[in-house]
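Read the structure below first, then the notes.
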Amino acid sequence: MNEKTPFFRDTWVEIDLDQLIKNLKQIEKHLPSEMKIFAVVKANAYGHGDVQIGRAALQAGAYGLAVAFLDEAISLRKKGIMSPILVLGASRPTDAHIAAQYNISLTVFQKEWLEQAESHLNKEQKLLVHVKCDTGMGRIGVREISDLKEIESFLHHSDRFQFEGLFTHFATADELDQQYYNQQLFKFKEMVAALNEKPPFIHCANSATSLRFDQSEFNAVRYGIGMYGLSPSEEMKSVLPFPLHEVFSLHTRISNVKKVPPGEGVSYGSVYKTEQEEWIGTLQIGYADGWIRKLQGQEVLVEGERVPIVGRICMDQCMIKLKHEVPIGTKATLIGKQGTEYISMDEIAKKLETINYEIPCLISTRIPRVYIQHGEIIEVDNRLI
Ligand code: PMH
């Protein structure tokens, strides 16, 4: 980083928009040509930064954005995103007029919700809605065809709503066993067939589904994890139709380097004791940044080599065992590449016994996001100052 970067602790996330655009271009090519892509940017774009990812995805050809709740959608509007935005989760019927005011599409699945929302919409407003079908995810959505028909009829007879889409979400599309996926797909097709008139958008695919299964019966996908260059699951890696490119990397700089004699403690609890004379480096990242205590023992890259975190991870700092003395300010990469060595998001997920989705979400906005395009810094998002 240089003097242009508006943050004062040498710890940063790099978001490589060139990789994001590459990932999107690949899926566009892979899908049928008229397919619309909703880039899923909920949860601050899985920790990558919703407005920056949203803008780049739209530039790369995405049709619209999808978020989890209304606040996330309004936040994007306030930052100047004018594209279609779909809220995937539940909203309050009493907030229908706010969604309409911002031209945001909501997910609906209860007739009672529509009845209540109707009274909160004024005469000039028309709320865009996508009806969610629960075909086996068991989260939100209408389960019975009879209920779907009632919703369709209500939408048909009301001037306050525009029936924009019908969708479902798969629970197991990232598993090689396709049985449950096929059951859900069958149920969704039955629900689509039961409609008198099809809305403009019929969609069911997340990344796993978009990457694996033919989407020509549908006309939109909701693409999240693949856009960030991560595989939807470990087992899906063997069936990916093209390589994915990781967008997110995490770096810091060494603030202190010391030669420690044998038998000395390092960090809280002194649970790590030097075995011999060791070079110990201090990193400017800790559990308050999302680099949680369970990552004790995880390796980081220094001068292109793997070195371990030793001792307990503190709130804002942690220590590593260096191979030899290095200068203060030497870069340490916690996620990403240095030379030929690579610490992937999946490696961190494995260490934390979780999925890759969780890792960038976990890295706090306390760490600034630095956006790179065409190899240059185009923006720095520091939420602190
Ligand atoms: N559509 C819906 C309704 C979702 O909830 C998600 C992700 C996506 C699309 C995008 O999925 P992808 O990132 O696999 O492409 N939702 C979640 C979730 O609730 N927990 O993990 C991922």
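Sequence positions, counted from 1, serve as the residue numbers for this chain. These numbers come from the heavy atoms of this one structure, side chains and all, not from hydrogens, waters or symmetry mates. First listed ligand is number 1; within each ligand, the first listed atom is number 1.
The pair Asp289-Arg9 meets the salt-bridge criterion, with a side-chain N (NZ, NE, NH1 or NH2) lying under 4.0 Å from an Asp/Glu carboxylate O. Classification of Glu341 and Arg306 as a salt-bridged pair holds, one side-chain N sitting under 4.0 Å from a carboxylate O.
To the nearest 0.5 Å, atom CZ of residue Arg160 and atom CD of residue Glu118 are 7.5 Å apart.
Surrounding NZ of Lys323 are more than 12 heavy atoms belonging to other residues, nucleotides or ligands, all under 6.0 Å away. The number of heavy atoms from other shown groups lying within 6.0 Å of NZ (Lys259) does not exceed 12. Phe186 CZ: 12 or fewer foreign heavy atoms inside a 6.0 Å radius.
For atom 14 (O) of ligand 1, the closest heavy atom belonging to the protein is Tyr357 OH, 2.6 Å. At the top of the distance list for atom 8 (C) of ligand 1, counting protein heavy atoms only, stands His169 CE1, 3.9 Å. In this structure, the protein non-hydrogen atom closest to atom 11 (O) of ligand 1 is Asn206 CB, 3.5 Å.
Contacts of Leu88 with ligand 1, taken as heavy-atom pairs under 4.0 Å, involve the side chain alone.
Taking every heavy atom of Ser207 and a limit of under 4.0 angstrom, the matching atoms of ligand 1 come to 12 (P), 14 (O), 15 (O). Close contacts of ligand 1 with Tyr46, meaning ligand atoms under 4.0 Å from a residue heavy atom, involve 7 (C), 10 (C), 11 (O), 12 (P), 13 (O).
In this structure, Arg139 counts as a contact residue of ligand 1, since one of its heavy atoms falls inside 4.0 Å of the ligand.
Under the 4.5 Å side-chain criterion, counting only non-hydrogen atoms from C-beta, Glu246 is in contact with Tyr342.
Here the shortest heavy-atom distance to atom 1 (N) of ligand 1, taken over Met137, Arg222, His203, Lys42, belongs to Arg222.
Contact annotation for atom 20 (N) of ligand 1: protein absent (non-hydrogen atoms, distance under 4.0 Å).
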